[in-house]
Amino acid sequence: MSNSVHHIPEESRFEITFQGKISYLDYHLSGGVITFIHAYTPPEIRGKGIAAEVAKYALDYSRDNNLKVIPQCPYIRDYIDKHKDYQGFLA
């Protein structure tokens with residue numbers, strides 16, 4: 001994919017722009033715990049692996065920064081279920 005995920009800490013968000021549409025993941029960070037609240041990908045660009053790219057970036061960011069993860073968002077919860085290597089970071 002030619003676009004990359006961007007972390008926007010002032011908005012508590014990870015996002016990527018693809019074909020002019022923004023896919024994002026909102027979070028809340030407190031005391032070494034990151035809670036992934038809501039993921040959204042516009043219908044026009046679903047099924048292209050974009051949400052998975054955002055999820056992987058956000059979870060890698062969490063791991064690299066020694067953050068525990070609370071997957072409140074169903075998409076992130078499902079992603080972690082499918083990618084067992086992230087389960088060790090659950091709060």
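Remark: Lys56 engages Asp60 in a side chain to side chain donor-acceptor pair (under 3.5 Å) (not counting sequence neighbours). Under the side chain to side chain donor-acceptor pair (under 3.5 Å) criterion, Ser62 pairs with no residue at all, not counting sequence neighbours. When the side-chain contact (heavy atoms from CB on, under 4.5 Å) test is applied to Ile70, the partners found at least two apart in sequence or on another chain are Val33, Thr35, Ala91. Looking at residues two or more places apart in sequence or on another chain, you find a side-chain contact (heavy atoms from CB on, under 4.5 Å) between Glu44 and Lys21, Pro42. A search for ring-ring contact (aromatic ring centres under 6.0 Å, His included) contacts involving Tyr79 returns His83, not counting sequence neighbours. Not counting sequence neighbours, the partners of Asp78 by the side-chain contact (heavy atoms from CB on, under 4.5 Å) test are Asp81.
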For residues 7-16, run the donor-acceptor check on the side chains, cut-off 3.5 Å, and write out each pair with its distance to 0.1 Å, sequence neighbours left out.
from	atom 1	to	atom 2	distance (Å)
His7	NE2	Tyr27	OH	2.6
Arg13	NE	Asp26	OD1	2.7
Arg13	NH2	Asp26	OD1	3.1
Arg13	NH2	Asp26	OD2	3.3

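Shown here is Lys84, whose NZ atom has more than 12 heavy atoms of other residues, nucleotides or ligands within 6.0 Å.
The list of salt bridge (charged side-chain N to carboxylate O under 4.0 Å, His left out) pairs with a residue in residues 28-38, not counting sequence neighbours, is empty. Residue pairs meeting the side-chain hydrogen bond (donor to acceptor under 3.5 Å, both in side chains) criterion with at least one member in residues 65-76, sequence neighbours excluded, do not occur.
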Check the pair Ser23, Ile50 against side chain to side chain contact (heavy atoms under 4.5 Å, CB included), reporting the backbone distance first and the verdict last. CA-CA 7 Å; Ser23 180; Ile50 296 162; 3.6 Å; yes
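Side chains of Phe36 and Val69 form a contact here, defined as non-hydrogen atoms less than 4.5 Å apart.
In this structure, CD1 in Ile80 is found 9.0 Å from OH in Tyr86, a value given to the nearest 0.5 Å.
In the hydrophobic clustering, Ile22 connects to Tyr24, Tyr40, either directly or through intervening members, whenever side-chain heavy atoms lie under 4.5 Å apart.
Cluster membership check: Ile37 does not share its hydrophobic cluster with Ile76, using side-chain heavy-atom separations under 4.5 Å among Ile, Leu, Val, Met, Phe, Trp and Tyr. Taking hydrophobic clusters as Ile, Leu, Val, Met, Phe, Trp and Tyr residues chained together by side-chain heavy-atom distances below 4.5 Å, Phe89 shares a cluster with Tyr57.
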